[in-house]
Amino acid sequence: MLNLIPLPYKSEEKYGEFVINNSTTVYADAELARAKDLFISLIEKVCGYKIHNVLSKNAVVRFLYDRVQPKEGYRIECSTDSLTIYASGYAGAFYAVMSLRQLFCMDVPEAPEILTMHAISVTDRPRLGWRGIMLDESRHFFGVETVKKLLDRMSMYKLNVFHWHLTDNEGWRIEIKKYPLLTEVGGKRRGTQTLAWGKPNVVSWIEYQGYYTQEQIKDIVAYAKERNIMIVPEIDMPAHFAAAVAAYPELSCGNRAIEPSVRHSDHTDIIACAGKESTYRFIYDVIDEICELFPAPYFHIGGDEAAKKEWKKCPVCQKSIKDNKLKDEEGLQGYFHNKIALYLKRKGRTMIGWNEILMADNLERSVIAQYWVPARDRNVEKQAEDGRKLIISKHQAFYFDMPYAMVKLSDTYRFDIADLYLKEESVLGLEGALWTEWVPTPERLDFQLFPRMEALSEVAWTPEEKRDYQDFCKRLSKRMVALDRMGINYAPFPVAEGRRFLSGYAKKVFTRKNAHAEYEKTMRKKRRGKQ
Ligand code: ACM
Ligand code: ZN
């Protein structure tokens with residue numbers, strides 16, 4: 001059994017073993033030198049001695065430039081006495097190193113002074129180009145260290161998109177120099193709803209705040225790039241916009257004076273006024289600053305769950321509907337999104353929005369939709385037929401905030417694009433979404449993400465016909481020893497399998513009875529730590 005997640009495109013195990021020890025020599029062509037340096041530093045960290053970096057192609061380990069390898073693909077030829085890696089650039093060579101890290105068991109070495117792997121031949125490349133994780137930092141804020149850890153772990157499994165949900169009703173988490181109140185006012189809330197969706201009155205009244213400075217963002221973007229990860233920022237609008245309105249009331253219809261949401265049902269009616277020109281100026285200014293920080297050619301503007309009650313009452317929005325000859329408020333949302341899509345296009349960015357943006361019938365053709373709603377949406381199917389590109393985050397498989405009793409590990413692993421009545425060519429890729437209403441700590445974040453991240457990586461990377469859930473579970477149980485070593489608080493079997501009615505630990509993680517008390521304890525501890 002090949003000890004590798006995600007399984008590669010093709011592999012063939014051979015006879016014998018290859019060994020790395022303190023006399024191993026390593027060579028790289030100039031194009032692959034960075035990946036070679038990473039490989040060497042991983043070995044040195046495990047083994048504790050210096051590896052011989054040589055300039056001769058007669059080295060035992062060789063990184064060779066090979067222009068026929070696809071961008072993220074690579075080939076490994078390993079016999080008993082040599083190891084050769086072929087790639088056409090950093091991305092492929094980096095992924096070869098990530099595979100070698102698992103194949104040499106570098107995370108759980110048996111005899112750390114020597115590393116061994118089976119002789120093998122691997123040809124690898126991804127099934128889908130977009131393999132992502134979304135993190136909501138509005139409901140809870142994690143900070144630089146946790147985000148970097150997450151990027152490390154994503155790259156281990158060849159995930160290449162970090163979709164960063166930076167704003168929502170509960171908090172604005174990115175510094176915008178032209179509008180300092182976004183973080184000063186919009187980045188703080190007086191308390192947090194702690195228990196469950198249906199219990200809005202159970203609130204922990206501990207002030208909650210946090211945001212990333214522009215310097216921190218640049219550092220994280222560079223860190224991600226080293227790991228072949230593109231960061232796509234999301235600024236949610238026109239709804240999920242209460243934190244912005246708390247800072248600048250004039251952004252809303254009727255200049256509403258509000259605070260960032262404490263309960264998750266607070267301000268779900270608040271919406272950016274789509275009639276005022278000043279709203280667009282604000283959004284363009286924010287986009288300008290954000291595009292300077294994120295080089296990705298994509299920009300996510302949310303667009304989900306926009307209640308139109310305020311637009312119906314607002315004379316400025318109604319005038320805009322009339323003046324622009326729009327059908328109704330849905331038409332106004334299309335108009336709003338199209339203006340922003342065109343602005344982004346001029347800045348070389350393609351706009352992405354959650355699938356609700358497709359309800360407007362006049363939406364720019366280039367806009368990409370992220371399909372999340374649990375129900376079948378025939379409009380999404382129709383637009384895909386007409387050439388619309390999609391990212392899939394279907395609730396039933398990829399909403400990683402859900403308890404394992406509802407979104408089981410096997411639901412993620414067995415996801416099939418064809419079950420959505422979509423063709424694979426409409427789909428750019430897959431994304432696991434971690435909303436954080438009920439994820440207050442890095443430990444809980446680990447629990448919701450692992451081992452789902454492993455399952456996602458195999459669905460998105462490995463050819464469909466090679467996927468086998470039983471085989472995956474066997475490889476995963478071996479991998480969990482490595483997760484233990486890395487201090488990842490993963491959901492163990494049978495929790496990840498979603499089996500209910502268990503005693504002890506499993507029961508504890510399925511019930512949220514103590515969530516409020518635990519939340520307050522955690523937040524007090526965190527506050528004490530900061531003082
Ligand atoms: C969403 O879950 N509102 C995209
Ligand atoms: Zn309005």
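First listed ligand is number 1; within each ligand, the first listed atom is number 1. Along the sequence shown, residues are numbered consecutively beginning with 1.
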List ligand 1 atoms under 4.0 Å from Trp435, heavy atoms only on the residue side. 1 (C), 2 (O), 4 (C)

What protein heavy atom is closest to atom 2 (O) of ligand 1, reported as residue, atom name and distance in Å? Tyr399 OH, 2.6 Å

Nearest protein heavy atom to atom 3 (N) of ligand 1, by residue and atom, and its distance?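 For atom 3 (N) of ligand 1, the nearest protein heavy atom is Asp304 OD2, 2.7 Å.
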
Does any N or O of ligand 1 fall below 3.5 Å from an N or O anywhere on Glu305, backbone included? yes

Mind reading off the angle at the Zn ion (ligand 2) between the SG atom of Cys314 and the SG atom of Cys253, rounded to 10°? 110°

Audit row: Asp411, Tyr399, side-chain hydrogen bond (donor to acceptor under 3.5 Å, both in side chains) steps and yes/no: CA-CA 11 Å; Asp411 296 336; Tyr399 260 41; over 6 Å; no

Quick one: does NZ or CZ of Arg227 land under 6.0 Å from the six-membered ring centre of Tyr223, within 45 degrees of the ring axis? yes

Honestly, is Arg452 close enough over Tyr404, meaning NZ or CZ under 6.0 Å from the six-membered ring centre and within 45° of the axis? yes

Considering residues, nucleotides and ligands other than Lys339, do more than 12 of their heavy atoms fall under 6.0 Å from its NZ?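 Correct, the count exceeds 12.
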
Hey, mind stepping through Glu329 and Gln318 against side-chain hydrogen bond (donor to acceptor under 3.5 Å, both in side chains) and telling me if it holds? CA-CA 8 Å; Glu329 288 74 23; Gln318 290 304 316; 2.9 Å; yes

